[in-house]
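Here the structure is a predicted model, which means the values were calculated and not measured. When a ligand or atom number is given, it counts from 1 through the structure's own listing order.
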Amino acid sequence: MKSGKLIIFSAPSGSGKTTLVKHVLSKGFNLEFSISATSRNPRGTEENGKDYYFLSPEEFRKKIDEGAFLEWEEVYSNTFYGTLKSEVDRITANGNNVVFDVDVVGGLNIKSFYGERALAVFVQPPSVEELEKRLESRGTDDAETIKKRIDKAEQELSYAGKFDVIIINDNLDEATKETEKILRNFLN
Ligand code: ADP
Ligand code: 5GP
């Protein structure tokens, strides 16, 4: 099997991870997105098999029992997310590099499995207040879901120093340029 490189993006929800990941995926670095499984419902324009594999809690548990996950976490209470081993195999068999969008704990776990083959990137928002504004203006989550995400953000921010690089996503244009530069260096 071919062995591509792995780039992990982690951050509190609302930091702009998905925005940055979508940007780099369009830039032709031979990158492919690792589609995670989740037990939450689709939001906005999300599609099954594109943004996530949306599973019921029972289906998710079955995959855990089958040993299908490289890692999985109960990121929020009763909401499960996990990286399928089959995703990494599928993407590397295509000769591509793998991009992950995972929570901070999952991100550091993937980094420790793969070592130098992986780059762990932390996307840092300018402040928790700004994070809340972004989640509100994204308009895809109800107030309770936003509260769950904000309540977790401080703790997630404390993991930043364990990552290989930190990208501060204040000005989006600067953050996208910085992300491209970091990827170019790592992949070359
Ligand atoms: P995440 O994937 O980390 O949850 P998103 O990429 O969905 O975050 O971004 C959250 C919201 O903030 C989206 O509506 C996005 O358009 C917006 N956003 C992303 N980056 C910035 C930025 N630098 N400045 C202002 N808004 C941003
Ligand atoms: P969201 O519901 O906003 O799409 O994602 C919520 C959180 O779950 C984000 O921090 C996201 O990165 C994380 N996440 C998504 N997929 C996975 C995964 O496969 N594993 C882990 N550990 N976290 C994930």
Please check if the number of heavy atoms outside [X] that lie under 6.0 Å from its [atom1] is greater than 12.
{"X": "E116", "atom1": "CD", "value": "no"}
{"X": "E66", "atom1": "CD", "value": "yes"}
{"X": "K148", "atom1": "NZ", "value": "yes"}

Of the protein's non-hydrogen atoms, which lies at the shortest distance from [atom], and what is that distance?
{"atom": "atom 23 (N) of ligand 2", "answer": "D103 N, 3.0 Å"}
{"atom": "atom 6 (C) of ligand 2", "answer": "Y81 OH, 3.4 Å"}
{"atom": "atom 20 (N) of ligand 2", "answer": "E71 OE2, 2.7 Å"}
{"atom": "atom 19 (O) of ligand 2", "answer": "S36 OG, 2.7 Å"}
{"atom": "atom 11 (C) of ligand 2", "answer": "D101 OD1, 3.6 Å"}
{"atom": "atom 3 (O) of ligand 2", "answer": "R149 NH1, 2.6 Å"}
{"atom": "atom 4 (O) of ligand 2", "answer": "Y52 OH, 2.5 Å"}

Show the atoms of ligand 2 that are less than 4.0 angstrom away from any heavy atom in [X].
{"X": "R40", "answer": "1 (P), 2 (O), 4 (O)"}
{"X": "K17", "answer": "9 (C), 10 (O), 11 (C), 12 (O)"}
{"X": "G82", "answer": "18 (C), 19 (O), 20 (N)"}
{"X": "E73", "answer": "22 (N)"}
{"X": "G106", "answer": "22 (N)"}
{"X": "A11", "answer": "10 (O)"}

Return yes or no for this condition: an N or O of E46 is under 3.5 Å from an N or O of ligand 2. no
Please determine if A37 has a nitrogen or oxygen closer than 3.5 Å to a nitrogen or oxygen of ligand 2. no
List ligand 1's nitrogen or oxygen atoms that come under 3.5 Å of a protein nitrogen or oxygen, with the partner atom and distance.
residue	atom	partner	partner atom	Å
ligand 1	2 (O)	T18	N	2.9
ligand 1	2 (O)	T18	OG1	2.4
ligand 1	3 (O)	G14	N	3.4
ligand 1	3 (O)	S15	N	3.3
ligand 1	3 (O)	G16	N	3.1
ligand 1	3 (O)	K17	N	3.0
ligand 1	4 (O)	G14	N	2.7
ligand 1	4 (O)	R138	NH1	3.1
ligand 1	6 (O)	T18	N	3.4
ligand 1	6 (O)	T19	N	2.9
ligand 1	6 (O)	T19	OG1	2.5
ligand 1	7 (O)	R138	NH1	2.8
ligand 1	8 (O)	G16	N	3.1
ligand 1	20 (N)	N169	ND2	3.1
ligand 1	23 (N)	N169	OD1	2.8
ligand 1	23 (N)	D170	O	2.9
ligand 1	23 (N)	L172	N	3.4
ligand 1	24 (N)	R134	NH2	3.3

For F54, which residues count as a ring pair (Phe, Tyr, Trp, His ring centres under 6.0 Å) partner, sequence neighbours excluded? Y52
Under a 3.5 Å distance rule, please check whether E46 uses its side chain to pair with a backbone N or O of R43 as donor and acceptor. yes
Side chains of S86 and D89: any donor to acceptor distance under 3.5 Å? no
Side chains of R40 and T38: any donor to acceptor distance under 3.5 Å? no
What is the minimum heavy-atom distance between [X] and [Y], and which atoms define it?
{"X": "K85", "Y": "G67", "answer": "NZ-O, 2.9 Å"}
{"X": "A118", "Y": "F186", "answer": "C-CZ, 3.7 Å"}
{"X": "V104", "Y": "F122", "answer": "CG1-CE1, 3.6 Å"}

Can you confirm if the aromatic rings of F69 and F60 lie within a centre distance of less than 6.0 Å? yes
Who passes salt bridge (charged side-chain N to carboxylate O under 4.0 Å, His left out) against R184, sequence neighbours left out? E180
Would you call Y76 a ligand 2 contact, heavy-atom distance under 4.0 Å? yes
Basic-acidic side-chain contact under 4.0 Å: K63, E59: no
Anything under 3.5 Å between a donor and an acceptor, one on a side chain of residues 162-175, the other on a protein residue two or more places apart or in another chain? List them.
residue	atom	partner	partner atom	Å
D164	OD2	K111	NZ	3.0
D164	OD2	A120	N	2.8
N169	ND2	S15	O	2.7
N171	OD1	D173	N	2.9
N171	OD1	E174	N	2.9
D173	OD2	K177	NZ	3.1

